[in-house]
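Note sheet for the following structure.
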Number of protein chains: 2
Amino acid sequence: MGTARDPIELARDNWRSAGWADSSDGMALVTSVMRVQQVLLTTIDDLLRPFGLTFARFEVLMLLHFSRVGELPVGKIGERLQVHPASVTNAVNRLEGAGHVTRRPNADDGRSVLAAITAQGRALVLDAAATLNAEVFLNVPLPAAARHDLYELMRRWRSEFEDFDE
Amino acid sequence: MGTARDPIELARDNWRSAGWADSSDGMALVTSVMRVQQVLLTTIDDLLRPFGLTFARFEVLMLLHFSRVGELPVGKIGERLQVHPASVTNAVNRLEGAGHVTRRPNADDGRSVLAAITAQGRALVLDAAATLNAEVFLNVPLPAAARHDLYELMRRWRSEFEDFDE
DNA sequence: TGTCTTTACTTTGACATCAAAGTAAACTCC
DNA sequence: GGAGTTTACTTTGATGTCAAAGTAAAGACA
């Protein structure tokens, strides 16, 4: 590898020398999550750019693709993806503009809007998924056991701030 | 806990039923990182708002605070925090505007700019750090051993895409 | 010394995120 | 039926991120 020190390790040392040893591990862990996410997001968005997609939009399409009839209320999309309603509106607007999704009022609830994936959207998201599978999801650079451990630990963490069965 | 299924577990099942079992763990892990980061960032930014800071700006201040003379070239800040130069410019602009940081040309390199933390910036960032230590870094909701495992796994992951000693 | 290349920073644009605010439908209760 | 509350979505604004482009200084080489 290189010769530079890991910036996060440096920060952890600084935390300790400031008398904050108790919280230094927590700080290093939180910062690590930020860094990994940053790199992952950039990598994924780069890979999706030729498809005219971003990760956020890819996730919406993927969710609709897997839904029973390819259609969901906008609010349900937000719940499933665990993002703010305005973020769903933003993504659906972009996808609708590109012809990957259509919108219609929800007959069962006058306040609600349904987003449906188009055939074009389906074809596109499958291609995009193939790329992400090959380049990212199959390439997480850790052994399978470590990946599993990591996932389980993250799931425990998530269960502390999310309302789902654990 | 709640009664809803974990959306990421749902997604992992969908991945498998689509014939993508090999990549389903990687996908679930990547998505978990995104979710945890999202919640952490929102939590941290909420806590820092009363200080007039965001996490990005807090990190810049913290870095300057810990530097030998409280001053660093803007490019070095970007390297240490592992963010894009434009992001450093953005944060330093905001901090300078608030009087937490000053800027001056680097006498050793005419292309370079030095950012220095002010006394006001130091006082502020120590208060902010105390809050984050108490509310976030000491409160990662996992046992110490799990936190350590998680950190080590993330460090291994990071070492695969970062140029530092491992 | 002059030219070409590299380096350092800033500006601009696109992007997704959440908070706050607004609009309207649905629900609850009297 | 009407008033008050809750729910669902959208719009607007602030934010940080990176890519692309621009400006200028420094370095390398003839």
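Please read all numbers here as calculations on a predicted model, not as lab measurements. Chain identifiers are assigned alphabetically (A, B, ...) following the order of the sequence lines, protein sequences preceding nucleic acid strands; residue numbering begins at 1 within each chain.
Look at CG on Leu81(B): it is 11 Å from P on dC18(D), rounded to the nearest Å. A straight line from CZ of Arg49(B) to P of dG16(D) spans 11 Å, rounded to a whole angstrom. One atom, CG of Leu48(B), and another, P of dT15(D), lie 14 Å apart when rounded to the nearest Å. Going from atom CG of Asn93(B) over to atom P of dT11(C) covers 6 Å, rounded to whole Å. In this entry the distance linking CG of Asp46(A) with P of dA14(C) reads 17 Å, nearest Å. As rounded to whole Å, 18 Å separates atom P of dT15(D) from atom CD1 of Ile44(B). Rounded to an integer number of Å, the gap from CD1 of Ile77(A) to C1' of dT17(C) is 17 Å. The distance between atom CE of Met34(B) and atom C1' of dC18(C), rounded to the nearest whole Å, is 17 Å.
Within 4.0 Å (heavy atoms only), Asn106(A) reaches no atom of the nucleic acid at all. Within the nucleic acid shown, Thr42(B) comes within 4.0 Å of sugar-phosphate atoms alone, with no base atom in reach, counting heavy atoms only. Val83(A) comes within 4.0 angstrom of the backbone, heavy atoms only, and of no base.
The 5' end of DNA chain D is approached more closely, in terms of each residue's nearest nucleotide, by Gly75(A) than by the other of Asn90(B) and Gly75(A). Residues Pro85(B) and Phe55(A) both approach DNA chain C. Their nearest nucleotides, taken by heavy-atom distance, put Pro85(B) toward the 5′ side. Both Asp45(B) and Val74(A) lie close to DNA chain D; mapped to their nearest nucleotides by heavy-atom distance, the more 5′-ward contact belongs to Val74(A).
Contact between the side-chain N/O atoms of Arg94(B) and the OP1/OP2 oxygens of dG16(D) is found at a separation under 4.0 Å. Using a 4.0 Å cut-off, no side-chain N or O of Ser87(A) falls inside it from OP1 or OP2 of dA16(C). For the OP1/OP2 pair of dT17(C) and a distance below 4.0 Å, the side-chain nitrogens and oxygens of Arg35(B) include no atom meeting the criterion. For dC18(C), one of the phosphate oxygens OP1 or OP2 lies less than 4.0 angstrom from a side-chain nitrogen or oxygen of Gln38(B). Between Arg57(A) and dT17(C) there is no side-chain polar atom (N or O) within less than 4.0 angstrom of OP1 or OP2. Remark: Ser112(A) is not in phosphate contact with dA8(D), judged by side-chain N or O atoms under 4.0 Å from OP1 or OP2.
Side-chain proximity of Val113(B) to dC9(C), dT11(C), dC9(D): nearest is dC9(C). In this structure, of dT17(C), dA25(C), dC9(C), it is dT17(C) that holds the atom nearest to the side chain of Ala56(A). Comparing atom distances between the Thr54(A) side chain and each of dC18(C), dA16(C), dT15(D) picks out dA16(C) as nearest. Distances were taken from every side-chain heavy atom of Arg111(A) (C-beta onward) to each of dA24(C), dC9(C), dT7(C); the shortest belongs to dA24(C). Side-chain proximity of Asp109(B) to dA8(C), dT10(C), dG16(D): nearest is dA8(C).
Counted by atom type alone, Trp15(A) and Asn133(B) present one or more donor-acceptor pairs between their side chains at under 3.5 Å. Between Asn106(A) and Arg111(A), the side chains place no donor N or O within less than 3.5 Å of an acceptor N or O (distance only, hydrogens not considered).
For His84(A) against dA16(C), no side-chain N or O and base N or O form a donor-acceptor pair under 3.5 Å.
Closest of all the heavy-atom pairs between Ala98(B) and Gln120(B) is O-NE2, 2.9 Å.
Taking a cutoff of 4.0 Å between a charged side-chain nitrogen and a carboxylate oxygen, Arg155(A) and Glu9(B) qualify as a salt bridge. A salt bridge links Arg16(B) and Asp25(B); the closest N-O separation between the charged side-chain nitrogens and carboxylate oxygens is under 4.0 Å.
With respect to Leu95(A), the side chain to side chain contact (heavy atoms under 4.5 Å, CB included) criterion is satisfied by exactly one of Leu64(A), Val125(A), Val60(A), Asn90(A): Val60(A).
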